[in-house]
Each structure stands twice: as C-alpha cells, then as structure tokens.
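Read the structure below first, then the notes.
Throughout, protein chains are lettered first and strands after them, A, B, ... in sequence-line order, and every chain is numbered starting at 1.
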Amino acid sequence: MKNKTKYLVTAALPYANNYIHIGHVAGAYLSPDIYVRYRRLKNDDVIFISGSDEHGTAIEMASIIEKVTPQEIIDRYHFSNKKAFEDLGIQFDIFSRTSSEIHHKTAQEFFLNLINKDILIKKSDKQLYSEKEKRFLADRFITGTCPVCGYEEARGDECENCGSNLSPLELINPRSKITGDIPVEKETTHYYFPLGKYQEKLSDWIFSKTDWKPNVINYCKGWFKAGLRDRAITRDLDWGVKVPVEGNDGKVIYVWFEAPIGYISMTKELFIERNDSDKWKEYWCSEDSKLIHFIGKDNIVFHSIVFPAMLMAHGDFNLPYNIPANEFLNIGGEKFSKSRGNGILVKDIVKYFEPDVIRYSIASSFPENKDSEFNWKDLLSRNNNELAAILGNFINRTVVFAKSKFNNVIPGEESINNLDQEILDQFRRSSDSVSAFYDNFRFRDALSETMNAVRSANKYFNDSEPWKLFKNDKERCGAVIHTCLELCHSIAVLISPVLPFTAEKILKILNKDKSDFNWSNIGRRVLKSGTELGETEILFPQIEDSQIEKIISDESESNAVKNGKGSGNLIELDDFRKVNLKIARIINCEKVAKSKKLLKLKLIVGGIEKQIVSGIAEYYTPEDLIGKLIVVVDNLKPAKLMGIDSEGMLLAAKNNGELKIITVEGEISDGAEVN
RNA sequence: GCCGGGAUAGCUCAGCUGGUUAGAGCGUCGGAAUCAUAAUCCGUAGGUCGGGGGUUCAAGUCCCUCUCCCGGUACCA
C-alpha cells in the first residue's frame, strides 16, 4: 500500500536586514500558513518551514554602516520578524536561521557533493581589491564615475543617474564606499555552477507542469529564452558560509546558492528538536512527499530554476511539486518599498488591529494573478461589513438567542427536520468546494466560498424565524437554535485556516473542546443538548473612520521621519519658497529664567539683529552656541514665549531624544539665503 | 531599446482553449424582518471590457497599432 502523502511546505526565507511588511505577508507567508492549517484539519502530514536568510553583502554592508557586527544586525531582524510572524498567527513548525551551525554544515556538504561529482567549475577573474581593507570589494561597496554619463556617484552595479548597468571594473576612478580607498584590480578564483548545462532538463521539467501558475511558467520562459548562464557561487567575503575546500580562505558560498539549502537544514533541525533526527529524509527524499515553495514573484528564478538545478545536480532530493508564487501587494497604487516610505510593517500593524482582521483583509486581496491593492479603508470595510456583519453577527445572534431564551444551554434537537438537515448538507458541500480551491492554491476563491457558507447560515436563521417559533413552538425553536450552534462549530472549522484566533474564540463561546475540530466534521452535528454555553464575546468590534485616519497620519509621519521625505504629502516648489530660510550667527545666548527648555538667542541675520527663543536648553548650553552659524526661518510670525519675543525659529534635527541644531559647513556670511 | 505582464461596474477583483442578455464581494438605491455589534435577508441600478483598426457567422477573449502602469534585461550594432 502507498504511504500517506507528506507535504513539505516552505515560505520564502526573509532577508535579515529589514522588517517584514504586509506585502511580504501577502506574497509568501499568509497563504502557506492558511494552506498548512487547512491540511492539518484534514489530518494530512504536513510540515511548515522557514527562517531568516542571514548572509550576504547587504547585511555586511549594513553592519559596516551602523558600526556593529553582522550578528547584531541579523539578531535584530531575525527575532523581530520571528515575533511579527507569531503575532500574526503565522505558525511555522520551525522558523530558524541560516547562521545556524547545522545550516553551515549542510550547505558545505551540499557544496562538497557537487565538487566531488566534478560538477562545479573553477574560473579566474579580475575584481577590485582594497589593499587598505585587505579584501575584495563587492559591487555595491564601490562607487565611481559612470563611464556612460559621467555621474560621479555611480554604484558598482548600476548608475542611478542614467540607469546603466555596470560592472565595477568599468567605473572611472573607483573607490571604496566605506573607506574611500582606491582599490586595485586583482585576480581571484571562484567556483561556478554550470546552470547552462541544466537548461534542457529544467525546461522539460517545468513545461511538464500543467498545473503550475502561468506567471511562474512565464517567468521561466523568459529566462530560458535568454539562455541560462553559468553563475559564480562563491564570493570574496567574510560574512557567510565558508567554502569547504582548502585554499579558499576569505571566500564564502554566495547567498543565492546557500540560502535555499536552508530549507533542508531547517528541516533537519526541526527533526533533531523532535528527537527523530533521520525523519527529515522522509520529507526531502521520499517519493510520496510533495515539496511546495510559497514565494513572491521576485523569487521565482531562484525557486524554479536555480534551486531545482542544484537539486538535480545533487540528486538525492525531490524537486518542487509546486511553486504557487504570488505577485505583489501594493498600497495606494504604489509599490511597497522602504525608500518610498509606504511600507506597512507587520510589527506596527499588529499594534492597531487584531491579527485575524489583518489576515482576512490581506487574504481577501491576495495578489494571486496580478498585483493587487491594499488600503486602510478596505480593511475597515472588510471588518465592519463582512467580518462583523456576517460572521461575527451570526455567532452573536445565535448565542445571545440561546442565552436569553434557553437559559444559556444548548437546546434539544427533538424537532429537527429536513430544513435543518439541508443547511448542514449545504455546509458539507461548501467545505468540499473550499477544499478544492485550497488544493489548487486558489485562496481568494476559498475565502469567498467560505464567507458564502456563513451568509447561508444567516439566511437559514432569517428564514427559520426562531424569534417567532419561540412564541408558539418552543421545541421547534430549540431545534433551529441547536442547528445554528452546530453551524457555529462548522463555521469555526471552516474559517480557522484564515481566522485561527476567531475559531478558538468560537469554541470557547460554545464551550467545546477540540475533539471534533476537523474538516470532516463540517456540516455534522457534534454538540450535545443540555451543555452550558461559554461567555459571549463580540468577535469583531466596529472599526471607526477616526481610527483609520489616525493610523494614516501616524504612519505617514513616522515614515517621513524614517525616510526623510513625506509620503503622500508632496508640496509645490512655491510652497517651499514661502519659507524664508537664512543663515544667522549667534552673538549671544542665555537661559530663560524659570524655564527648563528655553534659550534666548541674539542673532545677526544679514547685519540685522534678531532675537529668538528656542526650546533646546536640554541639549545645548549657551556657551556651546555662541559664535555658531545656524539656519533660521526668517519670516515666521513673531510670537511670545514665556513673555519673551521670538522673531523666528532655528532649525534642528530631532530623533529619539537626540537633538542637533543645523549648522553650516565652513564659513559663509550671515543673511545668506538657504534653499 | 528589447522581452514579459497588466489596463473589465463607484471600490477590490473573477472571467479556461472566442459562442446565448459580461460576473462576484463591498458600496448605492428600494423592500422584508426585528433574535443580533442599526448587524441580517430579498430585490434594483451601475460597464461602448484603456483608444483605434482588423480576422470571424460570433471577440473582454485571436491579430495589428497607439497610450498609460509594472517587472526583467540590454546599452551592443
């Protein structure tokens, strides 16, 4: 007999130099979580793997810029992201990290396996080397003059000014971004993976996948058409998995090669934790196991071409069974991005809303076929008009009815008839179609079918009119309410992949344990008459417009601070010109009596003396300031502060309890305009 | 520049290999009901399917072209 199918579900490894935002969640994390929860309800054998991707240039660069160790960087993001996932109810079996010992070991073994099979190629190449830092500089660590347009701050990989793609060796006057040191060309040897050799095998394999999403196939077509090239899989870098071959000091395995192996090492780690250290092989190597990678579209190449080619080369592991990649979730028509200041971080949004509300809102606009839009008003209307009105209301009206009319006890089912059976049957049919949608990774459809089932429960309630029955046929009324309570249980199961926290709450309200909590019980009677119900609770409180407005203003403010630019709050040049900024010299300064924060400054602006009062006494003493050149707003309406005239405002930067006034580099005469 | 993807009701999105009056949810409007978080249920109205041209008995769906958006990739002749 065939073994039971195993599901090995992975979610893209988030790169540990950023906090995850809801675009990530929509792209690669919520759908697998829903999928896995659904599989569990069907009693399938499934494990759910993810973890931080913690190596590579970007992290090393961040550590240099912040003057901390890479370890500090990855710890910060790894633990924060891990918690953010937990807060959202995204429940991995393991969320580990590629800096772990077992990952280094696994990645090295993988690498050696390919070396021993003579698959990897060694090639020498010239790269820029910094004598001062004693190391090769990665593309992003280099700036220089663009050979195309002459822009002096072009990056090693591209020129931001003219958009040219560059190689660092083409830059004129290259220099290290970190030290400014001028690098030299030096020969270095790297291992290459012969991706080109696998093209035919890969395309045969991918084009045999008739059930994959078309976007995934299309991306691959593009790559095949262009032709796959050999790719260097080692780098001259300190931070990463060391190349496990003698004579390769200072070289690490390149992240894109090493990171996906993390899926394997994390699976190993999971089963070591479970004291069953060989069991990972059942998921990775056995034929009855299905490997499913959930990713965003930016990751398609690695998961559908590069990693499968590596797995083919290695030979011991299964190839992916499916890669249901999502597109991107945009907000307000713009792409999520930190630099544009519009990313909604998970760690922030969970402070404002219940995780299930966030999950529902994201899941109902999953970017399954194309990029989709998210906005706050949408979240509000999803909560108020769907979750509260349809789902929350059905549970509430049922339980409140039972409470007031049946003494908070589940009524008897003596008078059930075929109308009651019909709604239960309908739930069974719904659960079948929801299943089919989940099986095909159609999460939006699954969710809408789920909500339709809940709607039909409301209809059943309306049509049965228990409030009328109560007056003339109490027994029949009891049967209806009993059925409604059964529906509550069925609903709890049906929604729980998407709304796990709500499902738990419903069970509590029903005073029911989890013994019947599985997919096959949807539309079945599992409750006992006479059982007392638990405490009622409003599942989805209304969200007010004012809440949303506050969040939007908070968010845009904090983003503006973070990124130094306003989001969605652009002004015209003329608006800016209204502000008259000038250079002023501080000629005298004293503390304002009886004030903690205020300093009184005497300034010279273009030969004219001015007096301003400024709230910087907690950061500067008068002695610090006298003689300094600062920037002031010269045409601000005068005001009185603690009775003292203030004829302007000085500019200062403030952040987390720090404050620094804006001064001028070098010497310039007071009164000079700033613009 | 080249390659790929997108543009469908007020909003968010479905529409497989072309086939009867273009769909769903939410919002709008009208009605029923009052157990329930004024929550439900029923019904209604809304679209020249980005513009233009073509193939076909028949096109949102195929072809050409243009506009706008998003990715990828290339600056070589």
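- Following rounding to the nearest Å, A:Asp211 (CG) and B:C16 (C1') show an atom-to-atom distance of 15 Å.
- The phosphate of B:A7 (OP1 or OP2) has a side-chain N or O of A:Lys370 nearer than 4.0 angstrom.
- Across the protein-nucleic acid pair, A:Asp298 atom CG and B:G4 atom C1' stand 16 Å apart, rounded to whole Å.
- A:Phe540 comes within 4.0 angstrom of a nucleotide base, judged by non-hydrogen atoms across all strands.
- Taking 4.0 Å as the cut-off between side-chain N and carboxylate O, A:Asp432 and A:Arg428 do not count as a salt-bridged pair.
- Base engagement by A:Leu539 is indicated by at least one non-hydrogen atom pair under 4.0 Å involving a base atom.
- A residue-by-residue look at A:Arg444 and A:Asn458 shows that A:Arg444 has its nearest nucleotide of RNA chain B further toward the 5' end.
- At a threshold of 4.0 angstrom between heavy atoms, the contacts of A:Ala388 include nucleobase atoms, whether or not backbone atoms are also involved.
- As a whole-Å value, the separation of A:Lys468 NZ from B:C41 P is 17 Å.
- Neither OP1 nor OP2 of B:G27 sits under 4.0 Å from any side-chain N or O of A:Arg382.
- Taking atom NZ of residue A:Lys505 and atom P of nucleotide B:U37, one finds them 17 Å apart after rounding to whole Å.
- Backbone-only contact: A:Asn385 has heavy atoms under 4.0 Å from sugar-phosphate atoms and none from a base.
- For A:Phe257 and A:Phe307, the ring centers sit 6.0 Å or farther from each other.
- Nearest to the side-chain atoms of A:Asn218 among the listed nucleotides B:G5, B:G25, B:U12 stands B:G5.
- Across all strands shown, A:Ser372 has heavy atoms under 4.0 Å from sugar-phosphate atoms exclusively, and none from any base.
- Between the side chain of A:Asn462 and the base of B:U40 there is at least one donor-acceptor pair of N/O atoms closer than 3.5 Å.
- B:G46 adopts a syn glycosidic conformation, its chi angle falling within 90° of 0.
- The interatomic distance linking A:Trp376 (CH2) with B:C26 (P) rounds to 23 Å, in whole Å.
- With A:Phe401 as the aromatic partner, A:Lys405 meets the cation-pi criteria of under 6.0 angstrom to the ring centre and within 45 degrees of the ring axis.
- Under the stacking criterion of a centre-to-centre distance below 5.5 angstrom and an interplanar angle below 30°, A:Trp467 sits stacked against the six-membered ring of B:C35.
- When rounded to the nearest whole Å, the span between CG of A:Asp371 and C1' of B:U8 equals 17 Å.
- Nucleic acid contact for A:Tyr219: sugar-phosphate only, since backbone atoms but no base atoms lie under 4.0 Å from a heavy atom of the residue.
- Using a 4.0 Å cut-off between charged nitrogen and carboxylate oxygen, A:Arg442 and A:Glu368 do not count as a salt-bridge pair.
- Shown here is A:Arg429, whose CZ atom has more than 12 heavy atoms of other residues, nucleotides or ligands within 6.0 Å.
- Judged by closest nucleotide on RNA chain B, A:Ser365 is the one of A:Asn384 and A:Ser365 placed further toward the 5' end.
- Here, B:A33 and B:U40 have their C1' atoms 8 Å apart, quoted to the whole Å.
- Rounded to whole Å, the separation between the P atoms of B:G46 and B:U34 comes to 32 Å.
- Comparing the C1' positions of B:U48 and B:C41 gives an interatomic distance of 35 Å, to the nearest angstrom.
- Residue A:Leu424 comes nearest to A:Leu487 through the heavy atom pair CD2-CD2, 3.8 Å, listed as atom of the first residue, atom of the second, then distance.
- When heavy atoms are screened at a 4.0 angstrom cut-off, A:Glu386 is found touching the sugar-phosphate backbone but no base atom.
- Not one side-chain nitrogen or oxygen of A:Asn369 sits closer than 4.0 Å to the OP1 or OP2 atom of B:C13.
- For A:Ile538 and B:A38, the CD1 to P distance is 9 Å, given to the nearest whole Å.
- Nucleic acid contact class of A:Asp445 (heavy atoms, under 4.0 Å, all strands): none.
- In this structure, A:Leu391 places its CG atom 14 Å from C1' of B:A36, rounding to the nearest Å.
- Comparing the C1' positions of B:C13 and B:G4 gives an interatomic distance of 22 Å, to the nearest angstrom.
- Spacing between B:U21 and B:A59 at atom P, rounded to whole Å, works out to 11 Å.
- A salt bridge between A:Glu327 and A:Lys370 is absent, with no side-chain N of the basic residue lying under 4.0 Å from a carboxylate O of the acidic one.
- The separation of B:U56 from B:C16, taken at their P atoms, amounts to 23 Å, rounded to a whole angstrom.
- B:G50 and B:C35 have their P atoms separated by 49 Å, with the value rounded to a whole Å.
- Distance noted for atom P between B:C62 and B:G5: 11 Å (whole Å).
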